[in-house]
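Reviewing the structure listed below.
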Amino acid sequence: MDEIGQIFDRVFKRIFTFSDKAITNLINGLFDTDYPSDSQIEYSNRENTKADLRHSYSDLFIVINKKWHYHLEAQMYHDNTIVMRVFEYGFYHALETRENDCTLRFPEPVVVYFCNAADVPETSSIRVILPDQQEFTYTVKNFAYLAHNIEELNRKKMIVFIPFQMVRVRDFLIPDGKARFLTENEIQELKKFIDSDILGSIKANLEVGNIVLDDYNQLLELLNKLYQQIMLQYQRKGGDKEMKPLLPGAMELPNDKYRFRIDELEAEVAILADEKAVLADEKAVLADEKAVLAGEKAVLADKNAVLEGRKAALEREMEILRRKLYEMANGSEGL
């Protein structure tokens, strides 16, 4: 996967750190479901992605209200073999989450494509033949992102997908992998698209309550990351290095530095917690050794007491014997 593909993939995975409300709206939009906005969202089999997008998720499985399982994959390019991997991932997820040993319940899958919509079929399927020759068809829904305009995304409350409108910006600036120079009118139209359609949609969804404030801030951050990456690629491909920024100044958010610092502090806290656990183990070992030594000391004290008792007895016996010897000696002299 190329550099721009990687950043889009990481942004896709990062959006699943958004609020449960935002993700519930996304699931409803992708699968035509109607889960209430206060549904509980849980994730299975994933790693953590920090604010700087350094880490990645494993296969993304979402569980709604502890019952309904969904599997989401993202592709930057059309891939005929992805359905095989989705089947494989779904099978292992069904194994891990089975309620009994005789039933495997696969999650409902979707592959989201951020490439040319004309290349993407509505579904992809594989034919599964069992040893007794019974067979069934496993079908995966495909969601061709570029076939759905901003109005539809807003209507279906799929606002967390709005940063991927930058795919349209990339394809406009770098068609067929070659940078193109823009006229002043094209620059203004592109700026209007970003400012009014993309940023305007994010703000409108916040105002009507489809997302929370933290979702709003993160959407702006992710949009800014994609924009910076696209402009860097545009310039590398020979684009206009003097072109003024298309994003308004308000996009230069300070949030990232705070998120990065939080990530750093969390890492330091985790390290300190590990060190504390090691010290606690050492303390426990020392306490055990101290208890053993205390036991040995008690045994030695008991032995010492016995020896002192024997010593005292021997001294008394010796004193008696000395007296007898003295008496015998005196008696002998008298005779």
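Computed from a predicted model, the values in this text were never measured in an experiment.
Counting heavy-atom neighbours within 6.0 Å of Arg85 CZ, excluding the residue itself, gives a total above 12. Annotation for Glu317: atom CD does not count as buried by contact number, only 12 or fewer foreign heavy atoms lying within 6.0 Å. No more than 12 heavy-atom neighbours from other residues, nucleotides or ligands sit within 6.0 angstrom of OH on Tyr326. The 12-atom threshold is not exceeded at CG of Asp176, counting heavy atoms of other residues, nucleotides or ligands nearer than 6.0 Å. For Glu99, the CD atom counts as loosely surrounded, since its 6.0 Å shell holds 12 or fewer non-hydrogen atoms of other residues, nucleotides or ligands.
Residue Ile7 is grouped with residue Leu146 when hydrophobic side chains (ILVMFWY) are merged at heavy-atom distances under 4.5 angstrom, including chains of intermediate members. Note on Met84 and Ile129: separate hydrophobic clusters, where clusters join Ile, Leu, Val, Met, Phe, Trp and Tyr whose side-chain heavy atoms are under 4.5 Å apart, directly or indirectly.
The shortest non-hydrogen separation linking Ala179 to Gly238 is CB-C, 4.0 Å. In terms of heavy atoms, Leu104 sits closest to Ala94 at CD2-O, 3.8 Å. Shortest non-hydrogen contact noted between Leu219 and Ile159 is CD2-O, 4.0 Å. Looking at every heavy atom in both residues, Ser19 comes nearest to Asp215 through OG-OD2, 2.5 Å. When all heavy atoms of Pro109 and Val140 are compared, the closest pair comes out as CG-CG2, 3.9 Å. Nearest heavy-atom pair across His148 and Gln165 is O-NE2, 4.2 Å.
You'll find the ring centres of Phe114 and Phe8 outside the 6.0 Å limit. In this structure, Tyr77 has its ring center no closer than 6.0 Å to that of Tyr113.
Classified by interplanar angle (parallel below 30°, tilted 30° to 60°, perpendicular above 60°), the ring pair Phe12/Phe161 is tilted. The aromatic rings of Tyr70 and Phe31 lie tilted to each other, with the angle between the two planes from 30° to 60°.
For the residue pair Asn142 / Ser124, a side-chain donor-acceptor distance below 3.5 Å is found, with atom types taken as modelled. Under 3.5 Å, the side chains of His69 and His93 contain a donor-acceptor pair of N or O atoms. Side-chain N/O atoms of Glu221 and Asn217 include no donor and acceptor closer than 3.5 Å. A donor-acceptor contact closer than 3.5 angstrom links the side chains of Ser125 and Thr139. If you check the side chains of Asp79 and Thr81, you find a donor sitting under 3.5 Å from an acceptor. The closest side-chain donor-acceptor pair between Tyr89 and Glu73, if any, does not fall under 3.5 angstrom. A donor atom on one side chain and an acceptor atom on the other are not found under 3.5 Å apart for Gln233 and Gln229. Side-chain N/O atoms of Asn154 and Asn205 include a donor and acceptor closer than 3.5 Å.
Of the possible polar contacts, none joining the Asp34 side chain to the Asn28 backbone as a donor-acceptor pair under 3.5 Å is found. Looking only at distances, no side-chain donor or acceptor of Arg323 sits under 3.5 Å from a matching main-chain atom of Ile320.
Annotation: side chain of Val63 is not in contact with side chain of Tyr43 (no heavy-atom distance under 4.5 Å). For the pair Val111 and Lys141, the minimum side-chain heavy-atom distance is 4.5 Å or more. Between Phe193 and Ile150 the shortest side-chain heavy-atom distance falls below 4.5 Å.
Ala204 pairs by the side-chain contact (heavy atoms from CB on, under 4.5 Å) definition with nothing, not counting sequence neighbours.
Here the OH atom belonging to Tyr234 is positioned 5.5 Å from the CG atom belonging to Leu173, to the nearest 0.5 angstrom. In this structure, Arg322 CZ and Glu327 CD are separated by 14.0 Å, a value rounded to the nearest 0.5 Å. Summarising the geometry, atom CD1 belonging to Ile23 is positioned 10.5 Å from atom CE belonging to Met158; distances are rounded to the nearest 0.5 Å.
A cation-pi arrangement is present between Arg180 and Phe172 under the rule of less than 6.0 angstrom and at most 45 degrees off the ring axis.
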